[in-house]
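Structure first, commentary second.
Atoms considered below: every heavy atom in the structure, side chains included; atoms not considered: hydrogens, waters and symmetry mates. In what follows, chains are A, B, ... by sequence order, proteins preceding strands, each numbered from 1.
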Number of protein chains: 2
Amino acid sequence: MAAVDDIDRAIVGVLSRHGRATYAEVGAAVGLSAPAVKRRVDRLLDDGVVVGFAAVVDPGAMGWGIEALVHVYCQGRIAPSALRDAWEPIPEIVSASTVAGTADAVVRVRARDVQHLEDTLERIRGSAAIERTESTIVLSRLIERA
Amino acid sequence: MAAVDDIDRAIVGVLSRHGRATYAEVGAAVGLSAPAVKRRVDRLLDDGVVVGFAAVVDPGAMGWGIEALVHVYCQGRIAPSALRDAWEPIPEIVSASTVAGTADAVVRVRARDVQHLEDTLERIRGSAAIERTESTIVLSRLIERA
DNA sequence: GGTGAAACTGTTCAATC
DNA sequence: GATTGAACAGTTTCACC
């Protein structure tokens, strides 16, 4: 696991914005040849600095009209891995994290509509020893950066 | 702007998880030839269903060690656009949304360390007519999907 | 939406600084 | 130890069916 240097950061910067850029294009942007870029990207993938590549999708256009932030309060102590295993099968969950604060975890959920959101919340609550949830509906996305 | 059909959804599903998959690979997964996949992806890009492609980066490996969810309570009514303009220049903000609930907005912030986080929170508070903020520190990411 | 052909890119190698 | 440049396999991208 070599250190991440300035060129690596530049490569990551380009690929964060243009994930399908060719190695030659990235090389032109950072001052390296295509094979040199490929070697670095392979190393960044091996080291886990770059986890993967993804299409950035407009949730609204895909029919996922509603988004909510759900604060989850658990009964007693639950291992983070237990929560992950319980929530992994729920496709409506965009992200989930354990947190330090009054809540134990925060889950970001995307659903088609309020009914679908309610069903998903019920599924989240039923998936583990959860005391209660507190949902915050997202109105409009102001800023969204990779 | 044609409708998004099931094949489009399947293509988006593959590219969400494997953003650098070849058109032939996507085609094999959805039952189409490579040129047919390209035509659909080009249309999805034109229609704004797919906004772009991005490398998924591990923030910790890049030296962004700490993440927080900041609930923002405003003084009186503030236009969403005013919040966006005020926060756009703050690079530590990963995402920001107005919400329906007790808070007016939720901001996701990434910083190098607690000191950097504190500085960023101060900057967020000073950028608009904000009454108070309530921060939740992220401990560990359980699930992270595109 | 599929097919085939031309141009380009990804990938690997030996050689080099 | 890392980069370059050449070479082949594979992919993108056309036109056309």
To the nearest Å, how far apart are [X] [atom1] and [N] [atom2]?
X: A/Tyr23; N: D/dT3; atom1: OH; atom2: C1'; answer: 17 Å
X: B/Asp42; N: D/dT13; atom1: CG; atom2: C1'; answer: 10 Å
X: A/Lys38; N: D/dT3; atom1: NZ; atom2: C1'; answer: 15 Å
X: B/Arg40; N: D/dT12; atom1: CZ; atom2: P; answer: 17 Å

For this session: Heavy atoms of chain A, cut-off under 4.0 Å: which first and last nucleotide of DNA chain C, 5' to 3', fall inside that, if you could look?
Result: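 Range of nucleotides within reach of chain A: C/dT9 to C/dT12.
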Problem set entry | Any side-chain heavy-atom pair of B/Ser95 and A/Ile143 under 4.5 Å |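 No, their side chains stay 4.5 Å or more apart.
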Exercise. Is the shortest heavy-atom distance from the side chain of B/Thr22 to the side chain of B/Val26 under 4.5 Å?
Worked result: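 No, their side chains stay 4.5 Å or more apart.
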Exercise. How long is the span from the CZ atom in A/Arg145 to the OG atom in A/Ser16, to the nearest 0.5 Å?
Worked result: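 Answer rounded to 0.5 Å: 12.5 Å.
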For this session: May I ask you to establish whether A/Arg125 and A/Tyr73 are in a cation-pi arrangement, using a distance under 6.0 Å from NZ or CZ to the six-membered ring centre and at most 45° from the ring axis?
Result: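 Judged by the rule, A/Arg125 and A/Tyr73 form no cation-pi pair.
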Taking N or O atoms only and anything under 3.5 Å, show me the protein contacts with nucleotides 4-8 of chain D, one pair per line.
residue	atom	partner	partner atom	Å
D/dT4	OP2	A/Ser33	N	3.1
D/dT4	OP2	A/Ser33	OG	2.7

Exercise. Excluding sequence neighbours, so at least two apart, what forms salt bridge (charged side-chain N to carboxylate O under 4.0 Å, His left out) with B/Glu25?
Worked result: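 Salt bridge (charged side-chain N to carboxylate O under 4.0 Å, His left out) list for B/Glu25, sorted by chain: empty.
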For this session: Only counting residues at least two apart or in another chain, list the ones meeting salt bridge (charged side-chain N to carboxylate O under 4.0 Å, His left out) with A/Asp42.
Result: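 Testing A/Asp42 for salt bridge (charged side-chain N to carboxylate O under 4.0 Å, His left out), a comparison that skips the adjacent residues, returns A/Lys38.
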For this session: Report the residues that fulfil ring-ring contact (aromatic ring centres under 6.0 Å, His included) with B/His18, sequence neighbours left out, ordered by chain and then residue number.
Result: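 Here no residue qualifies.
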Problem set entry | For B/Trp87, ring-ring contact (aromatic ring centres under 6.0 Å, His included) partners two or more places apart |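 Applying ring-ring contact (aromatic ring centres under 6.0 Å, His included) to B/Trp87 gives none.
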